[in-house]
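The first residue of the sequence shown is numbered 1, and numbering continues consecutively from there.
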Amino acid sequence: MNHSQSALGTEKIEVLMRAYALPCILSLLIGALYNIVDQIFIANATYLGSYGNAANTVVFPLTVVALALSVMIGDGCCAFLSIAFGSKQPRSAAVSVGNSIVVNTVLSLLLLATYLCLGDSILKMFGGAVNVRTFTFAKEYFSIITWGIPLYMFGQMMNPIIRADGSPRFAMMAAISGALINLVLDPIFIFAFHLGMAGAAMATILGQAVTCLLSFGYALRFQTIQLVAASFRLQKKIIFRTLELGMTSFLVQISIVASMAVINRMAGKYSALDPVFSNPAYAQIPIAVIGIVMKFFQIVISIVIGMAAGCIPIVGYNMGANAYDRVRQLLHKILFAEAVVGIAAFCVAELFPRPLSRLFGSANESVYYTTFALRAFRIYFSMIVIACLNKAVFIFLQAMGKAWQSTILSILRELVFGIGFALLLPCFFGLTGLLFSMPLADAVTGCFVAVAVWRINRQLSSD
């Protein structure tokens, strides 16, 4: 165990949070920006516009499926490593990393094959058939982005493992390098070469390839882990424990897929009943706008998750070392910081929704686009502070090794309340009810999370 690992049990909490959380925040924030950067350039290309926006929204949850699988493995392995280091079990740590690489590779190839075989049907399932032009753009983007899935999943899986190995800055730089490639190539491919949706997809894949290569290079020279041939022999017990610890991360991401599938379908259904959006020329607007708002929401949540997930090695090490007072201190500081992030996001969304919508070409769209966008931003971000605290507690429980408690809370928020309200509220309030579904889900879940925080405090104080 090197100095960076032992420091987890002795260094000041504030210092550790800066060292581990900031690189993680930047890494996840950059990952979230991949798709939103594509969408900004797509929206401002007059030959793509809201149709391209809607197409990007349709494809987005399908890329999140890949992200959900990779972070389940990566975050689970990260938590496993931290606990193993704290309890002085380096051999188990190496096996967890080797097994994670094998499982991630197999899952990425299976997902690639599924998308290649069932692409059109999946796009329709996620609302791509709202009109012909949207479906054409979605198919063009998806047919190319699919080939980058193995690269994307390897880079995303390795990021938390690299952090747990004591190299949070390298993890951050690997993510930044890929994002910069995407940012530079997007305008070249879309505006200079007029490659449209295909250009946006190619820029994304090339960025993912850079991150993947850097991560692969790091895997050949871990600092605290020695990978040997035996590390790659699958061991059920370690795989199940790794996946168990990563289940919350999986649910946080996969819930986006489930909720966007429901929301896109419900948006299409209730747009057809709306006096404005029943017009085929405007039918894509609700899906495009909701997709934009949800991606801004994901930027905020990426900061929140990054702050909490970045501290997984700190929590896991100190739990393994029975340093419960340090764990409790960390919980309080994380919750305070997450609340500050939520308040800042609330103020921006409520006070400046018009500039946010203009980033996505609202100036080139109809007044109906702008009006719906302003309403969507204000409603969707109304409970963002509670949403930030909820996500932080889910991940903190995961880091403590309380995988099932974290999973149950995640299921309540993401699947029971999130999808439940998305199906129920539009029946009474139309598209406005659809916008209220996620904020209400966060408000109700917050009651359960408050009880969980009280119990954590009580346990850590008594221990």
Any side-chain heavy-atom pair from [X] and [Y] closer than 4.5 angstrom?
X	Y	result
Ile190	Ile42	yes
Arg163	Asp75	yes
Ile290	Leu435	yes
Met157	Leu69	no
Thr105	Met153	no

Minimum heavy-atom distance between Gln226 and Ala94, given as atom pair plus value: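 Closest approach of Gln226 to Ala94, heavy atoms only: O-CB, 3.7 Å.
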
Please confirm whether Arg221 makes a cation-pi placement over Phe170, using NZ or CZ under 6.0 Å from the six-membered ring centre and within 45° of the ring normal.
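Judged by the rule, Arg221 and Phe170 form a cation-pi pair.
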
Taking the side chain from [X] and the backbone from [Y], do they hold a donor-acceptor pair closer than 3.5 Å?
X	Y	result
Asp165	Thr224	yes
Ser406	Lys402	no
Asn390	Asp442	yes
Asn318	Leu8	yes
Asn99	Arg233	yes
Tyr20	Val15	no
Thr242	Ile238	yes

Classify the angle between the aromatic ring planes of [X] and [Y] as parallel (below 30°), tilted (30 to 60°) or perpendicular (above 60°).
X	Y	answer
Phe222	Tyr218	perpendicular
Tyr47	His194	tilted
Phe381	Phe297	perpendicular

Sidechain N-carboxylate O distance under 4.0 Å for Arg18, Glu11 =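 Answer for the salt bridge query: no.
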
Would you please indicate if the ring centroids of Tyr380 and Phe296 are separated by under 6.0 Å?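 Between Phe296 and Tyr380, which both carry aromatic rings, the centre distance is not below 6.0 Å.
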
Check whether the ring centres of Phe137 and Tyr141 lie less than 6.0 Å apart, and answer yes or no.
->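 Ring-ring flag for Phe137/Tyr141: false, centres at least 6.0 Å apart.
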
Nearest 0.5 Å, please: how far is CG in Asn182 from OG in Ser177?
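So the OG of Ser177 and the CG of Asn182 are separated by 12.5 Å.
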
(request) State whether a side-chain donor-acceptor pair under 3.5 Å links Gln284 with Ser50. (result)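 Their side chains do contain a donor-acceptor pair, which is all the 3.5 Å distance test asks for.
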
* Is the closest side-chain donor-acceptor distance between Thr204 and Asp38 under 3.5 Å? ->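 Indeed, the side chains of Thr204 and Asp38 share at least one donor-acceptor pair under 3.5 Å.
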
